[in-house]
Amino acid sequence: MPEADGVDEEEEMPLSLRLSIADTLTLGNATCGFMAVYFTTTGILIPHLTGSDDSAGMARHSAATAVILMLCAAVFDLFDGLVARKLRSSPMGAELDNLSDLISFGLAPAYFVLVYGMVADDAHQRVAALGAIVVLLAVVLRLARFSCVTLKDGMFQGMPSPFGALTVVSIVLLELPFVATLLAIIGTAWLMVSRVEYPKPRGRLAVAMLSWIVLSMGLLAAWAFDAPSGQLLLQTGCALQLVMAAVIPLFATARRVNNFRDNRREARAAQLP
């Protein structure tokens with residue numbers, strides 16, 4: 001028996017359980033996503049179901065807190081990649097990143113949409129649940145494809161899940177008519193699983209993205225504390241988020257068309273004597 005135990009110990013090759021700095025940031029991402037679900041439940045859904053007298057104020061504060069937590073998750077997601085490239089990442093790094101993204105940018109925004117369908121006056125709960133499922137499955141498919149497909153350096157295929165999650169919650173916070181909200185959410189989910197190319201946030205683009213996240217947090221805080229013109233500022237920020245979500249695919253499509261035309265011209269020039 002002792003000899004058999006020795007053989008088993010030699011054959012067993014466990015993965016290292018040491019967490020790198022990048023992995024710690026990734027776990028912060030997952031924590032923020034879970035807490036976003038918590039605040040959406042305790043501050044929006046439960047007061048609505050129990051008929052709390054101050055449900056409107058609690059809903060505004062909790063919605064802002066939940067979205068700010070998703071923004072914090074996006075910051076963690078941005079920095080864990082930068083730190084992993086500069087320092088090191090553990091063998092679990094890629095798996096931890098996908099699982100954390102699923103919580104923060106899949107489950108949290110999908111649950112936000114689901115609760116919106118339960119508390120909004122003109123919403124339809126079952127239809128909103130269908131929209132939430134579409135968002136969740138889009139993120140699942142996107143993350144699975146990201147793990148399997150090798151793309152050229154510096155580009156994503158499909159809208160990145162953090163950008164998609166922030167676009168989804170921006171659509172909800174705009175308080176558009178229910179049909180328009182649902183169609184915009186489904187369109188965002190489609191962009192996440194599409195083949196449209198998006199640049200990776202590196203260098204100046206990473207700084208611009210971080211600045212936009214900080215600005216969005218400020219707009220949400222102003223709205224939550226009922227600052228003067230806070231509602232208008234929030235709607236302006238949400239509208240800008242939607243404009244960026246729509247414009248980036250247009251630029252990407254135009255670039256692909258121009259590249260295709262250039263390649264055809266080069267091919268024709270090469271065929272000429």
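Throughout, numbering of the chain's residues begins at 1 and tracks the sequence.
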- Task: List the steps, then state whether side chain to side chain contact (heavy atoms under 4.5 Å, CB included) holds for D226 with Q231.
- Result: CA-CA 8 Å; D226 201 17; Q231 181 72 24; over 6 Å; no

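- Looking at V113 and I171, their side chains never come closer than 4.5 Å, going by heavy atoms from C-beta outward.
- In the hydrophobic clustering of ILVMFWY residues, with side-chain heavy atoms under 4.5 Å counting as a link, V172 and L182 come out together.
- Screening residues 164-190 for side chain to side chain donor-acceptor pair (under 3.5 Å) gives T167-Q241 as the qualifying pairs, with residues at least two apart or on separate chains.
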- Going through the distances and angles, do I44 and V119 end up as a side chain to side chain contact (heavy atoms under 4.5 Å, CB included)? CA-CA 8 Å; I44 302 176; V119 303; 4.2 Å; yes

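- Remark: L191 CG to I186 CD1 distance equals 12.5 Å, nearest 0.5 Å.
- Not counting sequence neighbours, the partners of F225 by the ring-ring contact (aromatic ring centres under 6.0 Å, His included) test are H61.
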- Task: Please test Q157 against R145 for side chain to side chain contact (heavy atoms under 4.5 Å, CB included), starting from the C-alpha separation and ending with a verdict.
- Result: CA-CA 9 Å; Q157 188 178 78; R145 186 178 65 183; 3.5 Å; yes

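- In terms of heavy-atom proximity, G33 sits nearest to I103 at C-CG2, 4.0 Å.
- Scanning all heavy atoms of the two residues, the minimum distance from L143 to L102 falls at CD1-N, 3.7 Å.
- Pairs of residues two or more places apart, or lying in two chains, that qualify as ring pair (Phe, Tyr, Trp, His ring centres under 6.0 Å) and include a residue from residues 164-184 are H124-F178.
- Among the candidates P162, C32, S100, the single residue satisfying the side-chain contact (heavy atoms from CB on, under 4.5 Å) test with F76 is C32.
- Taking each heavy atom of C238 and L173 in turn, the nearest pair found is SG-CB, 3.8 Å.
- Between L27 and D23, the closest side-chain pair of non-hydrogen atoms is not below 4.5 Å.
- Within the hydrophobic cluster formed by Ile, Leu, Val, Met, Phe, Trp and Tyr side chains joined at under 4.5 Å, directly or through other members, L141 is accompanied by V193.
- Among residue pairs with one or both ends in residues 25-38, those qualifying as side chain to side chain donor-acceptor pair (under 3.5 Å) are T26-D80, N29-D101, N29-S104; sequence neighbours excluded.
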- Message: Go through it in stages, so that I can follow the logic: the residues are L220 and L71, the test is side chain to side chain contact (heavy atoms under 4.5 Å, CB included), and I'd like the CA-CA distance, side-chain angles, deciding distance and then a yes or no.
- Response: CA-CA 11 Å; L220 286 162; L71 289 166; 3.6 Å; yes

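- Closest non-hydrogen pair, F105 versus S161, comes out as CB-O, 3.6 Å.
- In the hydrophobic cluster analysis, where Ile, Leu, Val, Met, Phe, Trp and Tyr join through side-chain heavy atoms closer than 4.5 angstrom, L130 is grouped apart from V168.
- Across every non-hydrogen atom of A128 and G117, the tightest pair is CB-CA, 3.4 Å.
- Residues F112 and V67 meet the side-chain proximity criterion, which asks for heavy atoms closer than 4.5 Å.
- A 4.5 Å side-chain heavy-atom check between M217 and C72 finds at least one atom pair inside the cut-off.
- Here the CG atom belonging to D77 is positioned 14.5 Å from the CE atom belonging to M70, to the nearest 0.5 angstrom.
- Taken together through direct or relayed side-chain contacts under 4.5 Å among Ile, Leu, Val, Met, Phe, Trp and Tyr, L99 and V37 form parts of separate hydrophobic clusters.
- No side-chain heavy atom of W223 sits less than 4.5 Å from a side-chain heavy atom of Q235.
- When all heavy atoms are compared, the tightest approach of M159 to G164 is SD-CA, 3.3 Å.
- No side-chain heavy atom of L107 sits less than 4.5 Å from a side-chain heavy atom of F34.
- Side-chain atoms of I185 and V134, non-hydrogen and from C-beta on, never get closer than 4.5 Å to each other.
- For residues 106-123, the set of pairs meeting the side chain to side chain donor-acceptor pair (under 3.5 Å) definition, not counting sequence neighbours, comprises T41-Y111.
- Here the CE atom belonging to M209 is positioned 9.5 Å from the CE atom belonging to M244, to the nearest 0.5 angstrom.
- Within the model, atoms OG1 of T40 and CG of L69 stand 8.5 Å from one another, a figure rounded to the nearest 0.5 Å.
- Counting only heavy atoms from C-beta outward, the side chains of V139 and M192 approach each other to under 4.5 Å.
- Using a 4.5 Å cut-off between side-chain heavy atoms of Ile, Leu, Val, Met, Phe, Trp and Tyr, with links allowed through other members, L114 and I46 fall into different hydrophobic clusters.
- The hydrophobic cluster containing L176 does not contain L232, counting ILVMFWY residues as joined when their side-chain heavy atoms lie under 4.5 angstrom apart, directly or transitively.
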